[in-house]
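Atom set for the values below is all heavy atoms of this structure, side chains included, hydrogens, waters and symmetry mates excluded. None of these values were measured; they are calculated from a predicted model. Lettering follows sequence order; numbering is per chain, from 1.
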Amino acid sequence: MNQQDQNNKIQRRQFLQTMGIAAAGLAFTPLRSQADSETLGFDNGTRELIAYPQKRPLMLVTARPPHLETPFAAFKEGVLTPNDAFFVRYHLPNFPLSIDADQHRLNVTGLVNKPLSLSLKELKGLGNPVEVIAVNQCAGNSRGFAAPRVFGAQLGNGSMGNARWTGIPLKTVLEQAGVKAGAKQVTVRGLDHPVLPATPEFVKALDIDLALSGEPLIAWAMNGKDLPFLNGYPIKLIVPGYFGTYWIKHLSEIEVIDHSFEGFFMKNAYQVPDNDCLCVIAGVAPEKTRSITQLKIRSFITNLSEGQTVPLENTVALQGIAFDSGKGISTVEFSDDGGRQWQATSLGEDLGKYSFREWRATWKPQSKGKVALQVRARNRAGEEQPATNMWNPGGYARNTIETLAVIVV
Amino acid sequence: MKHSNLIQTAGMIALCLLATPSSSEPLTIKLPSETIKLRPPNAPGYALALQKCSICHSADYIEYQPPGMTEAQWVAEVGKMQKAYGAPITDDEVKLIGAYLADSYSGKPAVITALQPNTPSVVPATATAPIADVKTLLTQNACLSCHAIDQKLVGPSYRDIASRHKNDAKALDKLAEFIGKGGSGRWGNSPMPPFPALKPEELKSLAGFVMGQK
């Protein structure tokens, strides 16, 4: 550590020590845990744990714009990720820090019979609220494990979460406006904007069939409570089975268009190799790319942590989660011998095809020393996780079989 | 564990507040301050990085990138900031900033010279250049990306600044210092990056230009 680093650290400690708790009115003042950090399993992987408004201490990926990752231990608390532990990711730093839900409007424009400007109350009045339990996963979740490493937010496995979302289907809103013939896509955006006029606005697009499928939801509640501010208060677009990049926070604009949207965050950013695995040989540029869309199948052990010791003489309870894009998890298996043999697990309650699916198993360690536990899932469409390194230049959609080493003593 | 209890208690307070909002009150948050600073200068691009990168993002974006990236990779990444995200930097500046980032963040041991904490002895890239006029300064430093004469953009309008300081005899000196050192909190949360490469005369003429907006 050099002089400047030391100096920064000392300043930071002093700052932390002078921070107190203050919450006046509805203003949430951030808290800081003292010199707490968590280290991820790749080089330069230590992250400060800092409590943002309405959040417990989360791993700070970036402060401006805010990007916070859930410490992985939170996933053993239950199949629904608590609101205060749910990850946060903004693309652009220029967003309001105060939002009056009564003043917020959702505008629906473009190729519609009747443009709308809906208040939250009007939105809620369009029909009975609908609930879905669905996984929101950042496209770059697990990017830090890419080999070779790639630029971008260096994320562990905690940029995902599973919640019960309550809202009105996007379809209901579009029907209220009346989609005209020739509609091809809807673009969606929220209250976050760039600092510089030259920076592209964060706008995403959904094909009209998906938008009208009844599955995407405009949600105001998350696990039965108002959305946390940093997760998109007062309304957020939920696109079950799709990566989080489509789940627009502070949703404010929907435009129906008659062409394929060419904006930066659809056509330039969030590009993956145009093939089934979304992967290429490590280090090689893909010949053709496309926008990332649906989640890839994944599974994790959640009740053990890397390097934990377990006794040889006992059986060890294993527990975890699996998810995919909504085809439905059919089996989860684990291995303690490098993937030669796989042992069955029991799946937990089915909370819907877009939810985390819990699994449990019992493991009897056979010998002392370091044992690499692996877990893999398969879905009803026969999709499995790849056993080998899954790589693309953006570090997107990683779903390689996870390995977690424990020490048997 | 004392601390996590504290956090949990605070979390409950926050939840209570959240559960009973009167429907007409906005939900307001305050974001924590940035904690990571750019690493000290191994290369001349430091001053530029300080000015330009921090317009749009905090230094942790850079701090947490993987070690071992090559200079060509860093230059390409800065090029992406210029071309894809519209960062106000020239092609030459892309190379300078890229070289500084490669030098400071690729795992080379830091060069510890007689560096004073928080007063980096920057050798600005433009050290031998003549003193620029105000218009050139405004353009080169992308001041007008964040400020306008008569309306608030990211930062306050020059008129508002002039108006706030109009009765202050030391306004010129103060403004020159603010521009040089940067900061946040005087006009809201968005930080103003420091401009350590600007000469005292240049800072003064910029301050004079701002105070002249009435």
Chain B contact via [X] - which portion, at a heavy-atom distance below 4.5 Å:
X: A/Leu92; value: neither
X: A/Phe264; value: side chain
X: A/Asn268; value: neither
X: A/Pro65; value: both
X: A/Pro66; value: side chain

Do [X] and [Y] make a side-chain contact, defined as non-hydrogen atoms from C-beta onward lying under 4.5 Å apart?
X: B/His57; Y: A/Thr62; result: no
X: B/Ser54; Y: A/Arg64; result: yes
X: B/Leu27; Y: A/Asp100; result: no

I need the residue from B/Pro67, B/Cys56, B/Gly86 with the largest number of non-hydrogen atom pairs under 4.5 Å to chain A.
B/Cys56

With a 4.5 angstrom heavy-atom cut-off, is it the side chain or the backbone of B/Ala84 that approaches chain A, or both, or neither?
both

Chain A heavy atoms under 4.5 Å from B/Gln65: which part of the residue, side chain, backbone, both or neither?
both

More than 12 foreign heavy atoms under 6.0 Å from NZ of B/Lys95: is that the case here?
no

Heavy atoms only, distances under 4.5 angstrom: which of A/Pro93, A/Pro197, A/Gly144, A/Gly152 has the most pairs with chain B? Name it, please.
A/Gly152

What closest approach, in Å, do A/Val61 and B/Tyr64 show between heavy atoms, and which atom pair accounts for it?
O-CD1, 3.3 Å

A/Phe265 versus B/Tyr85, closest heavy-atom pair with distance
CZ-CE2, 4.1 Å

